[in-house]
Amino acid sequence: MSTAAPLLETRDLRILFPTQDGRATVKAVDGVSFSVHPGETFGVIGESGSGKTTLGRALVSLLAPTSGQVLHDGENLATLPARVLRRRRREHQIVFQDPNAALNPRMTILDAVMEPLQIAGRSSAAEQREVALAALARVGLAAEYGARYPHQLSGGQKQRVNIARVLTLQPRLIVCDEVVAALDVSIRGDILNLFADLQREFGLTYVFITHDLSVVSHISDRIAVMYLGRLMELGPTEALTETPLHPYTRALLSAEPVPLPSHLRTGRRIVLEGEIPSPVDPPSGCRFRTRCPLAEPRCAAEMPAWRELQPSHWVACHLATPTTPLPQETP
Ligand SMILES: Nc1ncnc2c1ncn2[C@@H]1O[C@H](COP(=O)(O)OP(=O)(O)O)[C@@H](O)[C@H]1O
Ligand code: SF4
Ligand SMILES: [Mg+2]
């Protein structure tokens with residue numbers, strides 16, 4: 001584990017939204033703390049509705065925290081003057097699931113890749129063009145793609161364009177929010193390899209958000225497991241996937257179609273029943289208790305503490321212990 005200062009840190013981060021009728025509060029992110037180190041790939045996994053996108057947007061200051069903090073290099077961006085913040089924000093970029101989200105259908109690919117530089121406004125048109133063409137080449141798109149329009153490209157090519165757009169700004173951190181989820185399975189590996197190559201070349205740091213454990217377990221150094229606005233478990237990828245401490249992580253792992261360690265494949269299959277509850281009125285105590293096969297009365301009464309049970313391996317579950325495995329969930 002790196003001993004360098006964290007590139008990114010959240011402290012008790014909360015992001016609440018009013019419901020549509022304005023009468024209640026959606027607790028999308030509700031008390032999340034973690035650090036991401038320079039050069040690391042930090043995976044965030046959880047079902048749809050667990051607050052991942054909201055978290056990702058807050059990490060790159062597209063959403064302001066309701067309370068708590070997001071720190072970049074130890075600095076709270078919310079306290080910086082607007083001009084300094086604009087400059088600093090370029091260092092933290094986000095790529096979304098929908099390859100079309102950041103592309104204007106009436107803009108050529110070259111113009112789309114030049115656009116962030118034009119907004120930054122610190123270089124000549126010729127320089128912007130040169131940087132944009134180099135970024136396109138770096139993501140594997142030949143110069144002639146620059147003259148095309150988004151509808152003439154495949155989903156994978158459009159996602160390459162989105163990566164080229166953020167590369168032009170020379171970011172240090174890229175939040176990748178389900179970046180391969182909308183792509184054909186056959187090309188997901190190519191895009192993930194591209195992210196890995198760019199990380200090696202530019203020393204990038206990633207927060208890799210996904211609902212798909214098979215995606216994140218291949219590329220992440222550490223994984224945080226999120227459920228209903230809170231972290232359930234956080235640890236090095238190998239420890240978390242081989243000796244998961246939280247029943248929710250185990251359920252996610254046992255649902256995986258990919259080959260898993262034998263102790264997870266046999267006799268431990270846990271089926272996640274029902275839907276994720278509403279973040280407007282989350283369960284008391286442990287948020288996972290309404291779907292947890294191990295829940296006991298204490299789980300409704302007390303919120304489990306966030307404990308470091310193994311070195312760098314954290315969990316929020318009353319029953320998790322460092323040495324004894326959790327009881328068998330189902331035969
Ligand atoms: N702008 C918003 N207003 C109200 N509720 C929101 C808003 N954005 C997200 N939510 C709600 O917050 C919860 C978490 O959403 P999201 O962050 O998109 O989760 P995920 O990306 O894990 O699917 C969901 O219940 C969602 O409906
Ligand atoms: S605290 Fe209780 S309900 Fe929550 S995960 Fe642990 S056993 Fe299950
Ligand atoms: Mg999402």
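Atoms within a ligand are numbered from 1 in the order they appear, just like the ligands themselves.
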Counting only heavy atoms not in [X], do more than 12 fall under 6.0 Å of its [atom1]?
X: E296; atom1: CD; value: yes
X: Q20; atom1: CD; value: no
X: E275; atom1: CD; value: no
X: Q118; atom1: CD; value: yes

Sole candidate of F208, F34, Y206 that passes ring-ring contact (aromatic ring centres under 6.0 Å, His included) when paired with F42: F34
I want to confirm something. Looking only at heavy atoms, which of C286, P283, A305 is nearest to atom 4 (Fe) of ligand 2?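 Answer by nearest heavy atom: C286.
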For atom 13 (C) of ligand 1, which of the options G46, P277, G49, G229 provides the nearest non-hydrogen atom? G49
[X] heavy atoms, cut-off 4.0 Å: which ligand 2 atoms fall inside?
X: H318; answer: 1 (S), 6 (Fe)
X: P247; answer: 5 (S)
X: C292; answer: 3 (S), 5 (S), 7 (S), 8 (Fe)
X: C299; answer: 1 (S), 2 (Fe), 3 (S), 7 (S)

Is S50 near ligand 1, meaning one of its heavy atoms is under 4.0 Å from it? yes
I'd like to know if E47 contacts ligand 1, where contact means a heavy-atom distance under 4.0 Å to any ligand atom. yes
Quick one: nearest non-hydrogen protein atom to atom 11 (C) of ligand 1, plus distance?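 Answer, as residue, atom name and distance: V26 CG1, 3.7 Å.
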Where is the nearest protein heavy atom to atom 4 (C) of ligand 1: which residue, which atom, and how far?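 That would be F17 CB, 3.4 Å.
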Apply the side-chain contact (heavy atoms from CB on, under 4.5 Å) test between K158 and each candidate in L153, I109, D98; give the one that qualifies. L153
If I take atom CG from residue L80 and atom CZ from residue R87, how far apart are they, to the nearest 0.5 angstrom?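 Here the interatomic distance stands at 9.5 Å.
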Can you list the atoms of ligand 1 that are under 4.0 Å from a heavy atom of [X]?
X: T53; value: 17 (O), 18 (O), 20 (P), 21 (O)
X: P279; value: 25 (O)
X: T54; value: 9 (C), 15 (O), 16 (P), 17 (O)
X: S48; value: 23 (O)
X: A28; value: 12 (O)

Could you see which bit of H246 sits under 4.0 Å from ligand 2, with heavy atoms only: side chain, backbone, both or neither?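 Side chain only.
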Give the ring-plane orientation class for Y248 versus H246, where under 30° counts as parallel, over 60° as perpendicular and anything between as tilted.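 The rings of Y248 and H246 stand perpendicular, inter-plane angle above 60°.
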Under-4.0 Å heavy-atom contact between protein and atom 26 (C) of ligand 1: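 Not a single protein heavy atom is under 4.0 Å away.
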Counting only N and O atoms by type, is there a donor-acceptor contact under 3.5 Å from the side chain of H313 to the main-chain atoms of L240?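 No, because the side chain of H313 does not come within donor-acceptor range (under 3.5 Å) of the backbone of L240.
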Contact flag C317/atom 6 (Fe) of ligand 2, N/O/S atoms, threshold under 2.8 Å: yes
Are any of the N or O atoms of G51 closer than 3.5 Å to those of ligand 1?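 It does: an N or O of G51 is found under 3.5 Å from an N or O of ligand 1.
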